[in-house]
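A, B, ... follow the sequence lines: proteins, then strands. Residue 1 opens every chain.
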There are 2 protein chains.
Amino acid sequence: MKTRDKILLSSLELFNERGERNVTTNHIAAHLAISPGNLYYHFRNKSDIIYEIFLEYEKLVDYYLQIPDDRQLTVEDMTFYLESVFDGLWSYRFFHRDLEFLLDSDERLRRDYRDFTNRCLAAIDRIFEGLAAGGVIQPQPAELRGAMSLNVWLVITNWMAFLKTAHATELSTSLTLAELKQGIYQVLTLELPYLTPQYRDAVMAIRERYRPELPSVDERS
Amino acid sequence: MKTRDKILLSSLELFNERGERNVTTNHIAAHLAISPGNLYYHFRNKSDIIYEIFLEYEKLVDYYLQIPDDRQLTVEDMTFYLESVFDGLWSYRFFHRDLEFLLDSDERLRRDYRDFTNRCLAAIDRIFEGLAAGGVIQPQPAELRGAMSLNVWLVITNWMAFLKTAHATELSTSLTLAELKQGIYQVLTLELPYLTPQYRDAVMAIRERYRPELPSVDERS
DNA sequence: GTATTATTAGAGTATATACTCTAGGGAGTC
DNA sequence: GACTCCCTAGAGTATATACTCTAATAATAC
């Protein structure tokens, strides 16, 4: 593998593990057993590395969120979208952690991320439309659908932070993909009241598969 | 005002403005026109400053989220809770930004914040119960109520990040409290399907007051 | 007044971090 | 062999950052 690609891969790995803030360019070089000079031969600075990783992330999610316009959407489509998005979130999980700082220090990234968010929101909206056309959820006015899509986005992008900050036990048990995917339970909770009678049970059953093993609210405090 | 309190106040102000990551102890001292030595006479380290600010935040939100157990809850109560929580979020808005790093570097804070989250979740849950008792929303099984409460929490705590990252225009227009409170629109969107017929219009009217002036999803991309 | 304690200034330090610079190795081409 | 181009090593640097240390001053108690 080319050194350049190894740098991107190692960076992503270290960022995900320790958080971008805790990973320096020297760490990355050391982890690869290459010199800092070598790293800086391939990338002008740390921001460039992060930006390239973002481009990969963006590409992946855009790919996942492709929406067929020649047919309605099914419950299976919905499950696939959810699984895919959470897979993407997992693979690039460092990204949403220090998001605000990253965007503050790189204008390209700020612009691109804003557009990315809006594309995601539009995709979620179209998915709801497709599911309504497919008879899975009841059709809703565009206004409400837009607000619902935004709530879905907010829940998805905040679920990881919630797990890491609230669910964290005394042990520094590291997060697993399975735990992350319990966020699907929360997203499906949003949809529950809008399901059509004929698909309600099916979706409830899927939702049940992702039920978190968190203590209930009563036991929590 | 005591120097100690001035340090806390200035720190909060600078953290909110620039983000904790961009504010050093030297900045804080310079901003107050005191020496670093003076600052470190009052606080052992930066983490201690942040921890004390968190304690204030915690106290404020706990105060806001007190729930009367001798009566049902009204729509006015609900509005008050939402306004208050967003006020608190605004006053300590730096906190949720670098949350994960802050918790990583301070175990006290990690524990306390986890408990704080769980208290908030329990409070939201009880508010839903109270609103159901007051006939504002339809009663729901505890399981669903818990999941809904969690979604409310996720939407509230992520709304600010969304505004800063997605809504941000080219201009570095700084966020306003009014914009932040548009998050109430999103929270009320979550409640919509559960409202009782007799309160539906009232809550919809309140929701309308917070409608964001964002472009709709269609215009966005 | 004097002793004690609380507060402050400000220079200074150890460490980290992002990044630079120069020299050179290796592979291919002529 | 010599030239070129891509890549790499590794020492080094400027700056920032959290924090320390000492001495001095203000406040308070007796």
Side-chain angles (χ1 to χ4, degrees), chain A residues 1-54 94-95 97-110, chain B residues 1-54 94-95 97-110:
Chain A
M1 192 189 294
K2 295 263 189 195
T3 301
R4 188 187 157 83
D5 294 327
K6 283 199 278 190
I7 292 171
L8 288 174
L9 215 64
S10 271
S11 299
L12 177 58
E13 187 187 329
L14 292 174
F15 289 160
N16 278 340
E17 252 172 42
R18 305 181 202 169
E20 177 271 340
R21 188 172 179 171
N22 299 316
V23 176
T24 73
T25 49
N26 291 349
H27 288 147
I28 298 167
H31 185 254
L32 281 169
I34 66 173
S35 63
N38 194 352
L39 186 147
Y40 279 91
Y41 171 79
H42 291 283
F43 293 94
R44 268 215 334 281
N45 51 42
K46 197 181 171 186
S47 274
D48 273 9
I49 298 178
I50 293 166
Y51 184 65
E52 295 249 347
I53 294 179
F54 165 72
F94 86 94
F95 191 71
R97 180 177 161 159
D98 275 303
L99 186 58
E100 289 190 49
F101 178 80
L102 298 178
L103 301 195
D104 268 357
S105 21
D106 189 339
E107 204 182 321
R108 284 173 310 181
L109 189 60
R110 184 160 65 250
Chain B
M1 192 189 293
K2 295 263 190 196
T3 301
R4 188 188 157 83
D5 295 327
K6 284 199 277 191
I7 293 171
L8 288 174
L9 215 63
S10 271
S11 300
L12 177 57
E13 187 187 328
L14 291 175
F15 288 160
N16 278 341
E17 253 172 41
R18 305 181 204 167
E20 177 271 339
R21 188 171 180 174
N22 299 316
V23 176
T24 73
T25 49
N26 291 349
H27 288 146
I28 299 167
H31 185 255
L32 282 169
I34 66 172
S35 63
N38 193 354
L39 186 147
Y40 278 92
Y41 170 77
H42 291 284
F43 293 93
R44 269 214 335 280
N45 52 42
K46 198 181 172 187
S47 274
D48 273 8
I49 298 178
I50 293 165
Y51 184 64
E52 294 250 346
I53 293 178
F54 165 72
F94 86 93
F95 191 70
R97 180 178 161 158
D98 275 304
L99 186 57
E100 288 190 51
F101 177 81
L102 297 178
L103 301 196
D104 267 356
S105 22
D106 189 339
E107 204 182 321
R108 284 172 310 179
L109 190 59
R110 184 160 66 248

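- Backbone-only engagement by B:Ile34 is indicated by non-hydrogen atom pairs under 4.0 Å involving sugar-phosphate atoms exclusively.
- Taking only side-chain nitrogens and oxygens, B:His27 never comes nearer than 4.0 Å to OP1 or OP2 of D:dA18.
- For the pair B:Lys46 NZ and D:dC19 C1', the computed distance is 13 Å after rounding to whole Å.
- Straight-line distance from the CG atom of A:Asn38 to the C1' atom of C:dG24: 13 Å, rounded to whole Å.
- Listed candidates were C:dA6, D:dT8, D:dC19. Nearest to the side chain of B:Tyr41 is C:dA6.
- The minimum heavy-atom distance between B:Arg110 and B:Asp104, with the atom names listed, is NH1-O, 3.9 Å.
- Side-chain contact between A:Ile7 and A:Tyr41 is absent, with no heavy atoms from C-beta onward closer than 4.5 Å.
- Whole-Å rounding puts the B:Tyr40 OH to C:dT13 C1' distance at 13 Å.
- Atoms CG (A:Leu39) and C1' (C:dT20) sit 13 Å apart, rounded to a whole Å.
- To the nearest angstrom, P of C:dA18 lies 11 Å from CG of A:Asn22.
- In this structure, B:Leu32 atom CG and C:dA9 atom P are separated by 10 Å, rounded to whole Å.
- For the OP1/OP2 pair of C:dA18 and a distance below 4.0 Å, the side-chain nitrogens and oxygens of A:Thr25 include at least one atom meeting the criterion.
- Rounded to whole Å, atom C1' of C:dT17 lies 13 Å from atom CD1 of A:Ile49.
- Remark: A:His42 is not in phosphate contact with D:dC6, judged by side-chain N or O atoms under 4.0 Å from OP1 or OP2.
- Applying side chain to side chain contact (heavy atoms under 4.5 Å, CB included) to B:Leu14 and the options B:Asn22, B:Ile28, B:Leu32 leaves one that passes, B:Ile28.
- OP1 or OP2 of D:dA16 has not a single side-chain nitrogen or oxygen of B:Thr24 nearer than 4.0 Å.
- Along DNA chain D, the nucleotide nearest to B:Asn26 and the one nearest to A:Gly37 differ in position, and the one closer to the 5' end is contacted by A:Gly37.
- Remark: B:Ser35 is not in phosphate contact with C:dG10, judged by side-chain N or O atoms under 4.0 Å from OP1 or OP2.
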**OP:** Take B:Arg108 and B:Asp48 through the salt bridge (Lys or Arg N to Asp or Glu O under 4.0 Å) test and state the conclusion after the steps.
**Re:** CA-CA 10 Å; B:Arg108 284 172 310 179; B:Asp48 273 8; 3.0 Å; yes
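- When the P atom of C:dT17 is taken as reference, atom CZ of A:Arg18 falls 11 Å away, rounded to whole Å.
- Below 30°, between 30° and 60°, or above 60°: for A:Phe95 and A:Phe54 the angle between ring planes is below 30°, a parallel geometry.
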